Amino acid sequence: MGKLTIGCFSSLVGSMSLDFAVKLSEAAVKKGHEVDLWLSGNGVMLGKTGQSKFRDYSYLAGPVEELLKTGKFKVTNCEACAKARGIDKSDTMEGFGIHSMDWYLASAFSADRVIHIGGE
Amino acid sequence: MGKLTIGCFSSLVGSMSLDFAVKLSEAAVKKGHEVDLWLSGNGVMLGKTGQSKFRDYSYLAGPVEELLKTGKFKVTNCEACAKARGIDKSDTMEGFGIHSMDWYLASAFSADRVIHIGGE
Amino acid sequence: MKLAVFVNEYNEPAILERLKADRFGIVLVQNGVYHAALKNNGEASPVLSRDAEFYALSEDLQSRGLSEGNIDPKVKVIDYEGLVDLIFNDYEKFMWL
Amino acid sequence: MKLAVFVNEYNEPAILERLKADRFGIVLVQNGVYHAALKNNGEASPVLSRDAEFYALSEDLQSRGLSEGNIDPKVKVIDYEGLVDLIFNDYEKFMWL
Amino acid sequence: MAIKKMAFIVDKLPYKSETSRLALTHAISSQTVEIYLDDGDNVEPVLAFVGDGVLNCLKDQKALDIYGVTSLEMHIKNALLLDLRVLVCKEDLERFGLSEDNIVMDAEEIGGEITTEVVPFEKIQEEMASSDHLLYF
Amino acid sequence: MAIKKMAFIVDKLPYKSETSRLALTHAISSQTVEIYLDDGDNVEPVLAFVGDGVLNCLKDQKALDIYGVTSLEMHIKNALLLDLRVLVCKEDLERFGLSEDNIVMDAEEIGGEITTEVVPFEKIQEEMASSDHLLYF
């Protein structure tokens with residue numbers, strides 16, 4: 001069993017990349033791997049509190065909560081990216097970490113595999 | 001003097017399109033025109049309260065406040081797009097309207113010019 | 001119709017060659033300004049070969065370190081205020097490609 | 001190196017032709033799956049002419065109404081679980097193009 | 001009393017971004033725009049799929065089952081149900097080797113009465129010329 | 001005790017999205033990553049600009065004056081100041097008719113000691129091969 005670090009820089013609804021990152025995390029955890037998910041740029045919107053579950057918009061808060069319960073999944077917001085957007089700790093779902101960018105590199109350091117989703 | 005309706009569907013920092021929309025609004029108001037700015041998709045992040053002014057990220061809350069003071073500028077969030085992202089009225093800057101999508105069409109109805117920025 | 005399109009990327013939008021208008025303007029903004037300022041392997045951007053009037057936004061040229069002195073002579077450099085006049089006086093319909 | 005790249009758009013990323021690897025995989029995801037499923041003017045996508053092993057994500061084919069029965073025979077259809085195995089067992093480094 | 005015609009032109013692929021989805025939802029919102037307008041005024045929308053955008057119209061999209069988001073197919077059926085005109089570029093369909101069999105042509109099963117029109121790009125260009133405003137997605 | 005090498009490969013244009021900016025800020029964050037690691041462990045970053053991404057390196061970017069955001073030029077100078085290796089693809093510069101005169105080659109005015117390296121793509125490919133992880137922006 002290995003460790004996978006995923007960095008996702010794309011936004012909640014503006015692109016399906018966060019959907020991809022969450023689904024890949026689910027599959028990896030199911031197979032016994034450990035996953036770190038780093039959110040930067042607009043990706044930090046994944047952890048915004050109070051998201052509504054409309055069928056016209058991706059709703060990932062639920063799957064993320066389930067993933068957190070497994071103990072094999074960590075998700076962390078880029079602190080500066082979130083603050084720039086007015087998303088501070090009180091705006092962030094429980095279970096999310098908040099760290100500076102070096103956290104991502106540290107996670108990648110100890111990862112067996114890194115998938116960095118950089119574009120928008 | 002005319003009325004310009006701008007629709008902007010792109011996000012706060014993820015693209016410079018909101019910067020473009022705000023600068024174009026400033027120039028149009030300066031020349032005596034009236035501007036309606038409709039925000040949909042990730043564009044609704046423009047009105048999020050508590051944005052931080054970091055030099056590494058676009059900070060448009062200030063220019064928008066100045067524009068609102070002129071009385072010739074209206075800015076309105078797409079209600080569903082904002083709610084999907086967990087951005088409700090209490091998360092939205094003062095002076096922003098919140099309406100359903102038909103508001104945009106009504107604004108375009110009475111506009112002399114419409115510039116619709118649709119992509120991400 | 002009098003149509004102006006905004007080109008905001010440094011590639012050619014596929015629809016560009018299909019559009020027709022009595023008066024046709026191409027406004028280069030954001031990363032679209034590279035079409036006006038750069039040659040690729042010595043060739044001007046194919047966007048500039050379209051039958052249109054060309055404009056480039058000075059603020060977006062300067063932001064990217066592109067000198068206004070170096071742009072293609074077909075292209076008129078305008079600022080945001082000039083763009084407002086263009087929108088109200090010279091064109092009626094717009095597409096942000 | 002063993003390198004797998006993710007192609008997520010329906011155009012060919014410029015860097016693709018420059019990349020070299022001892023083992024080279026191209027994983028078609030999101031709008032990249034159209035490369036596997038569609039011909040353009042009767043021609044297969046140029047992406048498929050690269051010297052690589054090809055994979056396409058079944059979930060992304062199905063979401064878009066693309067039938068798995070119709071895809072190019074060069075391409076192996078995998079699901080998210082298959083992708084996890086590919087990531088841990090078959091390749092070491094990754095690029096999301 | 002005035003009718004303003006607005007052309008919603010969809011050129012982007014579905015799902016990567018929400019662009020084409022928002023084109024549909026905004027076009028459909030024309031059904032309720034009257035509440036903001038004077039008596040007799042209205043908006044007349046026309047939806048046109050061009051370029052890669054014609055791929056929004058493919059049948060059998062499973063986005064709701066797999067990703068939990070409504071498919072573009074469902075949105076196009078809703079538009080037809082509400083009698084919005086839906087045009088699809090013929091040349092672009094042909095370029096992809098697609099025909100009317102492959103795309104959403106009606107919303108009969110939910111009670112829709114009108115059908116998708118597959119038309120040459122020239123016709124779409126005419127619709128653009130006769131529209132008051134263009135919304136390009 | 002281990003050093004993990006990470007290649008930050010920047011292929012996107014500046015400003016349209018924040019992609020290339022985040023490449024720079026994340027690469028620079030390697031300066032403080034030790035606090036999370038065991039003694040002797042560290043991350044060795046290398047920044048490589050390829051394709052259209054070489055245009056991030058142009059001089060005289062006025063983004064801060066005009067749009068109020070730091071320019072990529074400033075970020076590249078910061079990277080050089082902090083002794084990060086910055087590689088720029090020679091073939092791509094030539095394709096645009098650009099030379100070392102047009103791009104940020106050093107950060108001397110803020111005390112930087114190392115310079116940008118203009119190298120063939122092959123060299124960048126070698127750096128990728130010798131890296132533990134690839135971060136493509």
Side-chain angles (χ1 to χ4, degrees), chain D residues 5-16 26-49 55-84 94-97, chain E residues 10-21 23-24 49-78 80 86 88-107 109 116 121 137:
Chain D
V5 300
F6 292 85
V7 172
N8 69 88
E9 300 275 15
Y10 187 35
N11 54 29
E12 182 167 7
I15 199 171
L16 200 57
I26 296 180
V27 187
L28 304 169
V29 297
Q30 299 183 340
N31 287 335
V33 298
Y34 292 113
H35 291 293
L38 289 179
K39 289 191 157 67
N40 200 332
N41 291 320
E43 307 257 336
S45 164
V47 165
L48 299 183
S49 67
Y55 313 89
L57 194 60
S58 61
E59 286 88 344
D60 287 350
L61 286 164
Q62 291 170 34
S63 296
R64 285 161 181 76
L66 302 170
S67 158
E68 292 182 23
N70 261 340
I71 71 155
D72 193 286
K74 277 184 187 168
V75 181
K76 188 177 170 194
V77 176
I78 57 172
D79 61 10
Y80 275 101
E81 293 197 27
L83 180 55
V84 170
F94 305 90
M95 292 168 82
W96 179 275
L97 299 187
Chain E
V10 182
D11 195 10
K12 300 287 192 304
L13 290 166
Y15 301 115
K16 173 64 188 181
S17 78
E18 58 182 337
T19 307
S20 60
R21 175 182 306 274
L24 270 292
F49 293 91
V50 301
D52 290 352
V54 302
L55 299 171
N56 286 281
C57 307
L58 286 175
K59 278 183 193 166
D60 298 322
Q61 299 175 31
K62 308 285 187 221
L64 189 59
D65 303 333
I66 295 171
Y67 286 107
V69 291
T70 44
S71 68
L72 274 297
E73 181 182 13
M74 293 164 76
H75 280 287
I76 293 169
K77 285 188 180 171
N78 280 336
L80 290 169
V86 176
V88 178
C89 178
K90 187 171 179 287
E91 293 90 336
D92 288 312
L93 280 182
E94 285 171 358
R95 178 162 65 88
F96 290 122
L98 299 171
S99 72
E100 296 190 0
D101 293 343
N102 304 109
I103 63 168
V104 181
M105 286 300 295
D106 63 65
E109 82 271 29
T116 302
F121 185 78
F137 291 82

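All of these numbers come straight from a predicted model, not from anything done at the bench. Below, read A as the first sequence line, B as the second, and so on, with proteins coming before strands; counting in each chain starts at 1.
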4.5 Å side-chain heavy-atom contact, [X] and [Y]:
X: D:Asn8; Y: D:Trp96; value: yes
X: E:Leu58; Y: E:Glu73; value: no
X: D:Leu16; Y: D:Val47; value: yes
X: E:Ile76; Y: E:Leu24; value: yes

Is [Y] paired with [X] through a side-chain N to carboxylate O contact shorter than 4.0 Å?
X: E:Asp52; Y: E:Lys16; answer: no
X: E:Lys62; Y: E:Asp65; answer: no
X: E:Glu91; Y: E:Arg95; answer: no

Note to self: Set out, in order, the CA-CA distance, both residues' side-chain angles and the distance that settles side chain to side chain contact (heavy atoms under 4.5 Å, CB included) for D:Tyr55 and D:Leu83, then state yes or no.
What the structure shows: CA-CA 9 Å; D:Tyr55 313 89; D:Leu83 180 55; over 6 Å; no
How long is the gap from [atom1] on [X] to [atom2] on [Y], to the nearest 0.5 Å?
X: E:Asp11; Y: E:Asp92; atom1: CG; atom2: CG; answer: 8.0 Å
X: D:Tyr80; Y: D:Ser58; atom1: OH; atom2: OG; answer: 9.0 Å
X: E:Leu72; Y: E:Cys57; atom1: CG; atom2: SG; answer: 8.0 Å
X: D:Lys76; Y: D:Leu28; atom1: NZ; atom2: CG; answer: 14.0 Å

Margin query: Applying a heavy-atom distance below 4.5 Å, give me the residues of residues 96-105 of chain E that approach chain D, sorted by number.
Written below: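 Result: E:Phe96.
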Note to self: Non-hydrogen contacts under 4.5 angstrom with chain E: give the residues of residues 32-44 of chain D involved, or none if there are none.
What the structure shows: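 From residues 32-44 of chain D, the residues near chain E are D:Tyr34, D:Leu38, D:Lys39, D:Asn40, D:Asn41, D:Gly42.
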Checklist line | Residues in residues 63-73 of chain D that sit under 4.5 Å from chain E, counting heavy atoms only | finding: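 Expected list: D:Ser63, D:Arg64, D:Gly65, D:Leu66.
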Margin query: What part of D:Gln30 gets within 4.5 angstrom of chain E, counting heavy atoms only: side chain, backbone, both, or neither?
Written below: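 Looking at D:Gln30, just its side chain touches chain E.
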Notebook entry, point to check: Considering residues at least two apart in sequence or located in another chain, which fulfil the side chain to side chain contact (heavy atoms under 4.5 Å, CB included) criterion with E:Asp106?
Noted result: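 With sequence neighbours excluded, E:Asp106 shows a side chain to side chain contact (heavy atoms under 4.5 Å, CB included) to E:Glu108, E:Glu109, E:Thr115, given in chain and number order.
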Notebook entry, point to check: Who among E:Leu64, E:Val69, E:Ile66 has the most heavy-atom pairs with chain D under 4.5 Å?
Noted result: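 With the most close heavy-atom pairs to chain D, the winner is E:Ile66.
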Check: So, E:Tyr15 and E:Asn56: side-chain donor and acceptor under 3.5 Å apart, yes or no?
Finding: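 The criterion, which ignores hydrogens and geometry beyond distance, is not satisfied for E:Asn56 and E:Tyr15.
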